[in-house]
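Following: one structure in structure tokens, then a few remarks.
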Amino acid sequence: MTCFTGIWVPLVTPFHHGEIDFPALQTIARKMAQAGVAGLVVCGTTGEAAALTELEQLAVLESVLKAAPGCPVVMGLAGNNLRASLGMLKQLEAMPIAGLLVPPPYYIRPSQAGIVEYFETLADAAPAPLILYNIPYRTGVTLERQTIDALARHERVVAIKDCGGSAALTMDLIRDPQLKVLAGEDEQIFSTLCLGGAGAIAASAHIRPDLFVRMAQLAQSGQLDQARKIFYDLLPMIRLLFAEPNPAPVKEALALMGLMRNELRSPMKSATPELSARLKRELTRLDCL
């Protein structure tokens with residue numbers, strides 16, 4: 001079983017004239033793997049999964065698995081229709097995925113008991129371990145501590161992507177090591193690692209993934225002064241990459257690097273010219289590190 005530690009990159013989904021740009025997707029996946037990231041996540045928020053059909057999501061997964069053999073790949077599984085999610089799990093049975101990144105069902109705002117039932121049903125049927133995705137500002141519901149504790153007792157629930165916005169909950173989850181805790185807010189990567197967290201799923205790691213990997217390795221080995229310096233070198237770029245709705249800034253930066261076309265699916269909009277200029281300057285600075 002994959003150990004969910006280190007830096008994981010939630011891949012963007014490149015487009016060309018409205019269709020998935022598979023060559024660009026594979027180029028980016030290979031670049032991340034070659035930089036030494038712990039693994040890749042496909043069809044998450046950064047991958048614009050909500051704008052992809054089920055067939056497109058499966059095609060993205062298959063393309064990344066082919067591009068980066070040997071690199072663990074986690075599949076995003078977001079929805080609010082349990083039967084549809086179970087149907088998707090059937091489609092994934094033959095895929096060599098390392099795990100599934102699953103948020104609570106969005107929009108319908110179920111009770112905590114309903115959330116437990118939802119996750120346990122998926123975990124029972126899943127062909128790979130589950131990473132809980134606590135992101136209340138997108139789903140409308142929060143995974144409360146008792147709910148997380150209940151789910152952690154399931155043998156196939158192994159980690160949590162922490163976007164809950166509560167430092168107290170983060171510390172409690174790390175102190176009680178039932179699950180691997182992965183930072184989901186990029187500005188909190190260093191603090192999560194220092195507190196004893198396992199790693200991060202970080203969209204900003206598309207840019208200079210080598211520095212993110214090095215920073216995490218240094219932090220986890222106790223070399224905090226060196227890790228802190230790298231983190232603060234990266235922080236201006238991290239902030240720019242979330243200055244406008246994700247993944248527009250990340251796609252703009254990757255386009256400036258010549259890795260893909262800067263295209264999103266509506267209603268997402270490309271980064272503004274002002275942000276593009278700032279990203280270009282910051283990319284130049286990071287190239288010198």
Give the other cluster members for Ile108, using side-chain heavy-atom distances under 4.5 Å between Ile, Leu, Val, Met, Phe, Trp and Tyr residues; answer none if it is isolated.
-> Tyr106, Tyr107
Report the distance from atom CE of Met237 to atom NE2 of His206, rounding to the nearest 0.5 Å.
-> 13.0 Å
Less than 4.5 Å apart, any side-chain heavy atom of Val74 and any of Phe4?
-> yes
For Ala203 and Asp186 the tightest heavy-atom approach is N-OD2, 3.3 Å
Is Val157 close to Phe119 at the side-chain level, that is, under 4.5 Å between some pair of heavy atoms?
-> no
To the nearest 0.5 Å, what is the distance between CD1 (Ile115) and CD (Glu144)?
-> 7.5 Å
Distance from Tyr118 atom OH to Leu151 atom CG, nearest 0.5 Å?
-> 12.0 Å
Chi angles and distances behind the side chain to side chain contact (heavy atoms under 4.5 Å, CB included) call for Met88, Gln57 | CA-CA 10 Å; Met88 185 62 152; Gln57 291 185 32; 3.7 Å; yes
Same cluster or not: are Val102 and Ile148 linked, directly or through other Ile, Leu, Val, Met, Phe, Trp or Tyr residues, by side-chain heavy atoms under 4.5 angstrom apart?
-> yes
Under the side chain to side chain donor-acceptor pair (under 3.5 Å) rule, collect the residues that match up with Arg175, sequence neighbours excluded.
-> Asp172
For the pair Glu244 (side chain) and Leu275 (backbone), establish whether a donor and an acceptor sit closer than 3.5 Å, ignoring hydrogens and angles.
-> no
side-chain hydrogen bond (donor to acceptor under 3.5 Å, both in side chains) contacts in which one or both residues fall within residues 229-242, not counting sequence neighbours = Glu187-Arg239, Lys229-Asp233
So does Glu117 have more than 12 non-hydrogen atoms from other groups sitting under 6.0 Å from CD?
-> no
Met257 vs Ile207, side chain to side chain contact (heavy atoms under 4.5 Å, CB included): CA-CA, chis, key distance, verdict = CA-CA 9 Å; Met257 295 166 65; Ile207 314 304; 3.7 Å; yes
Would you mind writing out the side-chain donor-acceptor pairs for residues 134-143 within the sub-3.5 Å range, not counting sequence neighbours?
unit_1 : atom_1 : unit_2 : atom_2 : d
Asn134 : OD1    : Leu143 : N      : 3.0
Tyr137 : OH     : Glu185 : OE2    : 2.7
Thr139 : OG1    : Ile135 : O      : 3.3
Thr139 : OG1    : Val141 : N      : 3.3
Thr139 : OG1    : Val141 : O      : 3.0

With the side chain counted from C-beta on, respond yes when Pro110 and Pro105 share a heavy-atom pair under 4.5 Å apart, and no when they do not.
-> yes
Salt bridge (charged side-chain N to carboxylate O under 4.0 Å, His left out) between Arg153 and Asp149, intermediate numbers included = CA-CA 7 Å; Arg153 291 193 285 270; Asp149 288 345; over 6 Å; no
Start with the C-alpha distance between Asp210 and Arg214, add both sets of side-chain angles, then the distance that settles side chain to side chain contact (heavy atoms under 4.5 Å, CB included), and finish with yes or no.
-> CA-CA 6 Å; Asp210 58 318; Arg214 180 63 175 154; over 6 Å; no
His17 backbone acceptor or donor facing Glu263 side chain under 3.5 Å | yes
Could you pull out all residues at least two apart from Pro236 that satisfy side chain to side chain contact (heavy atoms under 4.5 Å, CB included)?
-> Glu282, Arg285
If we only count heavy atoms from C-beta on, is the Asn262 to Leu254 side-chain gap below 4.5 Å?
-> no
Can you check side chain to side chain contact (heavy atoms under 4.5 Å, CB included) on Asp21 and Leu25, steps first, answer last?
-> CA-CA 6 Å; Asp21 186 344; Leu25 174 64; over 6 Å; no
Grab the two heavy atoms, one from Ala159 and one from Leu179, that are nearest each other, plus how far apart they are.
-> N-CD2, 3.8 Å
Going from CG on Leu286 to CG on Leu234, what distance comes out if it is rounded to the nearest 0.5 angstrom?
-> 6.5 Å
Verify the cluster assignment for Leu130 and Val116: are they in a single hydrophobic cluster under the rule of side-chain heavy atoms below 4.5 Å apart?
-> yes
Rounded to the nearest 0.5 Å, the CG atom of Asp162 sits from the CD1 atom of Ile131 at a distance of 13.0 Å
Smallest separation among heavy atoms of Ile7 and Ala216, with atom names | CG1-CB, 3.8 Å
Do you reckon Phe22 sits in the same ILVMFWY cluster as Leu259, going by side-chain contacts under 4.5 Å, direct or chained?
-> yes
Using the rule that two of Ile, Leu, Val, Met, Phe, Trp, Tyr join whenever any of their side-chain heavy atoms come within less than 4.5 Å, decide whether Met268 and Ile20 are in one cluster.
-> no
On a heavy-atom basis, the closest approach of Leu211 and Ile230 is O-CG2, 3.5 Å
Side chains of Leu11 and Val60: closer than 4.5 Å at any heavy-atom pair?
-> no
Work out which heavy atom in Pro72 is nearest to a heavy atom in Gly70; give both atom names and the distance.
-> CD-O, 3.6 Å
Can you find a heavy atom in the side chain of Phe212 that is under 4.5 Å from one in the side chain of Ile189?
-> yes
Under 4.5 Å between any side-chain heavy atoms of Asp124 and His154, yes or no?
-> yes
Less than 4.5 Å apart, any side-chain heavy atom of Leu241 and any of Leu279?
-> yes
Could you state the interatomic distance from CG (Leu193) to CG (Leu224), rounded to the nearest 0.5 Å?
-> 9.5 Å
Using a 3.5 Å cut-off and no angle test, enumerate the donor-acceptor pairs between side-chain atoms of residues 33-49 and protein atoms at least two apart in sequence or in another chain.
unit_1 : atom_1 : unit_2 : atom_2 : d
Thr45  : OG1    : Tyr133 : OH     : 3.4
Thr46  : OG1    : Asn246 : ND2    : 3.0
Glu48  : OE1    : Arg265 : N      : 3.2
Glu48  : OE2    : Lys251 : NZ     : 2.5

Minimum heavy-atom distance Glu56-Ala51, with the two atoms named = OE1-O, 4.1 Å
Pair Glu274 + Arg278, salt bridge at N-O below 4.0 Å | no
Are Trp8 and Leu61 grouped together when hydrophobic residues (ILVMFWY) are joined by side-chain heavy atoms under 4.5 angstrom apart?
-> no
